[in-house]
Amino acid sequence: MTDFSVIAMFKVKHEDSSAFLFDDENEDVRILAWTTTPWTLPSNVALTVGPDIEYVKVKTFSPYNARPVSVVLAKDRLSAYFNAEHAELPMQPFDTSEKKPAIPYRVVKTVKGKDLSGVRYEQLLPYVTTPELEANAFRVITGDFVTTEDGTGVVHTAPYFGADDMRVAREAGIPMIGIYNDQNPELPLPLVDRQGKFVEELGEEFGGRYVKAEYYPKEVSSDKEFKPTDLLIALRLKEDNKAFKIEKYAHNYPHCWRTDKPVIYYPLDSWFIRASASKERMAELNKTINWQPESTGSGRFGQWLENLQDWNLSRSRYWGVPLPIWRTEDGEEACCIGSVEELKQGVQQANAQLGLNQETPADLHRPYIDEVVLVSASGKPMRREADLIDVWFDSGAMPYAQWHYPFENQEVFERNYPADFIAEGVDQTRGWFYTLHAIAVMCFDSVAYKNVVSNGLVLDKEGNKMSKSKGNVVDPFLTLADHGADATRWYLISNASPWDNLKFNIEGITETRNKLFGTLYNTYNFFALYANLDGWTMDEKHVFPYEKRSELDRWIISKLYSLVDEYRREMDQYEPTRAARAIESFVDDHLSNWYVRLSRRRFWKGNMNDDKQAAYQTLWECLLVTLQLMSSLAPFFTDWMYRNLTTPIRGKAKAGNTPLRFDSIHLTDLIEPDNSKIDADLEKRMDYAQRICSLALSIRKKERLRVRQPLQKLLLPVLDASFIAEVDGVKELILSEINVKELEYVTDASGMLKKSGKANFKTLGAKCGKDMKAVAAAIESWNDAQINQLERDGQLPVTVDKNTYAITPDDVVLKTEDLPGWKTATDGSITVALDVTLNAQLEAEGLARDLVNRIQNIRKDKNFNVTDRIHVRLEKHPAIADAVAHFGEYIKSEVLADALLLVDSVPAEKVELNDDVALGIDVVINGL
RNA sequence: AGGGCUAUAGCUCAGUUGGUUAGAGCGCUACACUGAUAAUGUAGAGGUCACCAGUUCAACUCUGGUUAGCCCUACCA
């Protein structure tokens, strides 16, 4: 807002203590002080200077009337008010009729702020004064908050209207200015009343005027002749030769959030809780609370506790909890009521002693409670203090109030206190988090909560705060209606840690839905399709033994229980985002993309047998446990799927009292960790398998060799014997996944292996220090012979300058170089080479698989049932002759064909088999 | 003004006690696979790790400073 600001000239009194500022007794010396609130000037009692700031005395002429004057202001502010070009002008009065007069000046003295301390001046607007003020106020004091960023470096100090002012004035022993009356023998009333009007003592000119223009009714303040009080004061000062400069000044000023009018700071009597007395204990106990993020607890909250001020409880309002404090009129005696029972006794006592006929009000709020009169120890009536208690006290008292503790429910309270966990916005650090803590520490010497998450804000997708005026608010109800609660919840938690601000993007919810929920749904759908066909249900009493399950089954079970571990660990540490991401990775990368993809055949091939049983049980367990882990974040989706998976066996489970007896997933017990199901070696083996497959597929891609085309051999250069044993465990899996016939290890013995070394910077760094770079270069230049020597001897010396280092195998990362003449690919320490040569046998098999694929596509196009048996007729073509001859039975079993015939022509459209071959394929259901 | 958080690919985010090819998903492009098919895989393009200085053999990582965004508290004489 824009206000009239004024630089007032405070006339220094000529005394012994100020003599250094005067050249002679008649010199007019003024101290300049700036204010944007001229209405506080009648309340001025002191001028505050920075003790170490330099001030200058400047001889010049008063800008409004050209009278000689000497002004004091901060040296740094000189250039703001004096044009350096005018420092040389002859010292004579300027012409006041000029619009922009050149005002001559001379800097004649420089002093430190602390030297000015104690200098007395004449009261600027002497409407109200007392002998005490005359003796002790109206002088210069020092304060550390003074700056020279704006104004004059001298702060006009009116203790009633500013906390800093109040503090420095008190420290300096400046008395209060104001109106004394019978009700206020100690503390005078301020010169502005609670309506925002100057008191009558300010005379006809100002008495009764609102100090802010906004407080006037619109019809008054909009009048052309209307002048705001700030301006009237400025003009009064100008007329009296007390103003140095008057101008409009735009600044931030606090406004009431309801009326949008400027507020004024106003001194009020208040009741405080002496929180500062227990700040050490609060800080101490705070250290036992697990803050998430930690920095809010130690930083924002911890530092706030260290500088803790007393807690002002009083609020001048009507609705709320009344302060339970009664005082005698003279304030000598007081009591604080602690319960309804005490109040009743107090009322009875007062009735008896004061001859009253009061009843204890059933409603303890205003206005009823205000009517209650109690009696003091000496027999005087006591009335309630009119104020209410800060509503934040209510929030902090919540743990006790909710149980009406200590009057009732002691047991349930003690069982549940302190709280295990609370969460609120980080903006509540000084609100709820504090009030809970303060009350707990002061009343119970305890924390109120053991764990706390202070969550960040939800911003719009650009990172701006959502606000109605900007129109960037996302409607939560629409979002939930459109995208569902589960995907929304999951997105909120998985996208960013709760304590980070979240850039909310609706597309992120779609991504979550497709990626996690879509994949899980697909996996479930796949499972349900075949489980229904086979009429399979889980039998909790006959779990297929884990040790008899396949490598792949045991692997995904191991992954699952590793996930259980990780989930519990992260959740225990209040890291829900990490827990959610671990689940996402399991579902997408491991369960769907590896386990199901590689296991599909087991579900649809053949009749029920041990392997199929194991596959069903494994996938079923993975789904169920995953759902359970997800259930707190995605309550609806998981419950729906849980019931789909378990409803058929509910009766049996209830009868047998097994874990699945519960109708809802939210009633089940969270799965316990089970280390016996975790096999780290197996997980490592499978990791090798995944990487090896990925490498082989990338070679196929480069060489344009489709996966249906079988290849003869995969070569795997190996660096140590354990690698062979590990890969052997997953060999079959690799070969079938990449459609290769055999896997061959390439070792030193083959003579094909060419190795190179690279420095392991981590181990070598500590060993070699400055010579690191030279040593690393030496290692990279090693030839096979040197590397073999290292492996044989367990060490190899490298000399740099005069230092010799014994390099051990741990210091070197070995890798194999590409095998000349082979197609290779490398990922870290793993290299694979693929034999890409084809022969007639391999080509025929590849074509057979192409045929299977085409026939399957036709089955699908024709919407055949997956169990339908068929007859197939193929148009004769030389390209497929070998394939049909050698792989006819294979084709038939794959496509559930009872007959596969080669005929001259078929009544069907030609199907493209590859770039060169197209032929007619006729597929009909057997018996039709 | 003080305190706190954040800054990495077009977007959303990972990145362990500093260690040498900085990753993922989405999006884009190409290809493949397919009895999960409105699904899936592989590959490609895409980075001054906000900026500056310091410590170190080595800094996205540690220290100091700067800038920008946000939050809290105070003040705005």
Side-chain angles (χ1 to χ4, degrees), chain A residues 5 33-37 40 47-48 143 145-147 149-158 161-165 251-254 293 295-296 298-304 307 425-431 456-457 459 461 463-465 491 494-497 499-503 505 507-508 510-511 514-515 518-519 521-527 529-530 577-578 581 584-585 588-589 592-593 596-597 600-601 603-605 694 697-698 700-702 704-708 758-766 768-776 828 853 856-857 859-860 866 894-896:
Chain A
S5 75
W34 179 60
T35 181
T36 56
T37 53
T40 62
L47 294 171
T48 309
F145 62 93
V146 180
T147 67
E149 277 169 22
D150 47 22
T152 62
V154 180
V155 176
H156 144 60
T157 301
F161 305 111
D164 266 342
D165 291 16
H251 61 150
N252 294 324
Y253 193 89
S295 59
T296 297
S298 57
R300 191 187 271 215
F301 193 62
Q303 287 176 11
W304 153 261
N307 301 308
V426 67
D427 53 340
Q428 289 304 322
T429 308
R430 267 90 147 163
L457 278 75
L459 309 171
K461 65 178 176 182
N464 298 312
K465 200 172 174 177
Y491 163 73
S494 67
N495 191 65
S497 284
W499 42 90
D500 287 331
N501 288 346
L502 174 78
K503 292 182 198 167
N505 188 350
E507 287 165 29
T510 309
E511 189 178 320
N514 292 349
K515 191 79 190 143
T519 303
Y521 179 77
N522 266 324
T523 305
Y524 163 76
N525 233 8
F526 170 83
F527 167 84
L529 174 67
Y530 295 109
T577 305
R578 292 189 184 192
R581 288 174 179 172
E584 287 177 353
S585 165
D588 290 339
D589 301 340
S592 167
N593 190 26
V596 171
R597 196 156 58 81
R600 281 185 313 224
R601 190 180 181 83
F603 288 88
W604 53 262
K605 193 74 183 166
S694 173
L697 289 170
S698 76
R700 276 184 176 275
K701 152 87 184 156
K702 258 183 218 141
R704 302 185 146 272
L705 285 164
R706 63 193 196 281
V707 179
R708 273 195 299 267
K758 192 170 183 184
N760 177 354
F761 283 82
K762 208 158 189 168
T763 62
L764 277 174
C768 307
K770 280 194 195 348
D771 294 328
M772 186 67 229
K773 276 179 181 163
V775 173
N853 168 247
Q856 299 286 28
N857 286 348
R859 283 186 65 118
K860 193 163 203 161
V866 293
E894 286 297 302
V895 301
L896 302 185

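To find a chain, count down the sequence lines: A is the first, B the second, and so on, and within it residues start at 1.
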Could you tell me the Watson-Crick or G-U partner of [N], where both distances fall under 3.5 Å? Say none if there is no partner.
| N | value |
| --- | --- |
| B:A36 | none |
| B:C5 | B:G69 |
| B:G25 | B:C11 |
| B:A30 | B:U42 |
| B:G19 | B:C57 |

Whole angstrom is fine here: how far is it from [atom1] in [X] over to [atom2] in [N]?
| X | N | atom1 | atom2 | answer |
| --- | --- | --- | --- | --- |
| A:E511 | B:C13 | CD | C1' | 10 Å |
| A:Y491 | B:C13 | OH | C1' | 11 Å |
| A:L896 | B:G35 | CG | C1' | 9 Å |
| A:E894 | B:C33 | CD | P | 16 Å |
| A:F526 | B:A36 | CZ | P | 6 Å |
| A:L697 | B:G44 | CG | P | 14 Å |
| A:D500 | B:C70 | CG | P | 16 Å |
| A:Y521 | B:A39 | OH | P | 13 Å |

Could you give the distance separating [M] and [N] at their [atom1] atoms, to the nearest angstrom?
| N | M | atom1 | result |
| --- | --- | --- | --- |
| B:C5 | B:G64 | P | 12 Å |
| B:C62 | B:U16 | C1' | 15 Å |
| B:A7 | B:C13 | P | 10 Å |
| B:G4 | B:U21 | P | 37 Å |
| B:G23 | B:G47 | P | 14 Å |
| B:C11 | B:U55 | C1' | 36 Å |
| B:A59 | B:G27 | C1' | 32 Å |
| B:G46 | B:C51 | C1' | 23 Å |

Between A:S497 and A:W499, is there a donor-acceptor pair closer than 3.5 Å when you use the side chain of the first and the backbone of the second?
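Not at all, since once roles are kept as given, no pair shorter than 3.5 Å links the two residues.
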
Would a distance-only check, ignoring hydrogens and angles, find a side-chain to backbone donor-acceptor pair under 3.5 Å from A:R859 to A:V895?
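Yes, because the side chain of A:R859 sits within donor-acceptor range (under 3.5 Å) of the backbone of A:V895.
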
Can you check whether A:R600 has a side-chain N or O nearer than 4.0 Å to OP1 or OP2 of B:A36?
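Indeed, a polar side-chain atom of A:R600 lies that close.
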
Please tell me if A:N593 has a side-chain N or O lying less than 4.0 Å from either OP1 or OP2 of B:U40.
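So the side chain of A:N593 is outside the cut-off, no N or O lying under 4.0 Å from OP1 or OP2 of B:U40.
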
Taking for each residue the nucleotide of RNA chain B bearing the nearest heavy atom, is the 5' side occupied by A:S494 or by A:T48?
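First, find each residue's nearest nucleotide; the 5'-ward one identifies A:S494.
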
Compare the minimum distances between each of [options] and the side chain of [X], then state the nucleotide with the smallest one.
| X | options | result |
| --- | --- | --- |
| A:Q856 | B:A36, B:A43, B:G35 | B:G35 |
| A:K762 | B:A36, B:U17, B:G35 | B:U17 |
| A:M772 | B:G19, B:A39, B:C13 | B:G19 |

Side chain A:S592 and base B:A36 donor-acceptor under 3.5 Å:
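Donor-acceptor pair under 3.5 Å: yes.
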
My understanding is that only residues two or more places apart in sequence, or in another chain, count here; which of them pass side-chain contact (heavy atoms from CB on, under 4.5 Å) with A:E511?
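Scan of A:E511 (side-chain contact (heavy atoms from CB on, under 4.5 Å), adjacent residues dropped) gives none.
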
Residues which pass side-chain contact (heavy atoms from CB on, under 4.5 Å) with A:N522, listed by chain and number, not counting sequence neighbours
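Once residues adjacent in sequence are excluded, A:N522 has no partner under the side-chain contact (heavy atoms from CB on, under 4.5 Å) criterion.
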
Please check if any side-chain donor atom of A:T48 sits under 3.5 Å from a side-chain acceptor atom of A:T157, or the reverse.
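Per modelled atom types, A:T48 and A:T157 side chains form a pair under 3.5 Å.
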
Where does the angle between the aromatic ring planes of A:Y530 and A:F526 fall among parallel (under 30°), tilted (30 to 60°) and perpendicular (over 60°)?
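Judged by the thresholds at 30° and 60°, the geometry between A:Y530 and A:F526 is perpendicular.
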
So A:K515, base contact, sugar-phosphate only, or nothing? Heavy-atom distance under 4.0 Å.
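Answer is sugar-phosphate: A:K515 comes under 4.0 Å of backbone atoms only.
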
Report which part of the nucleic acid A:R581 touches: base, sugar-phosphate, or nothing (heavy-atom distance under 4.0 Å, all strands).
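It contacts sugar-phosphate atoms only.
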
For A:R581 against A:S494, the heavy-atom pair lying closest together
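In this case the closest contact between A:R581 and A:S494 is NE-O, 3.0 Å.
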
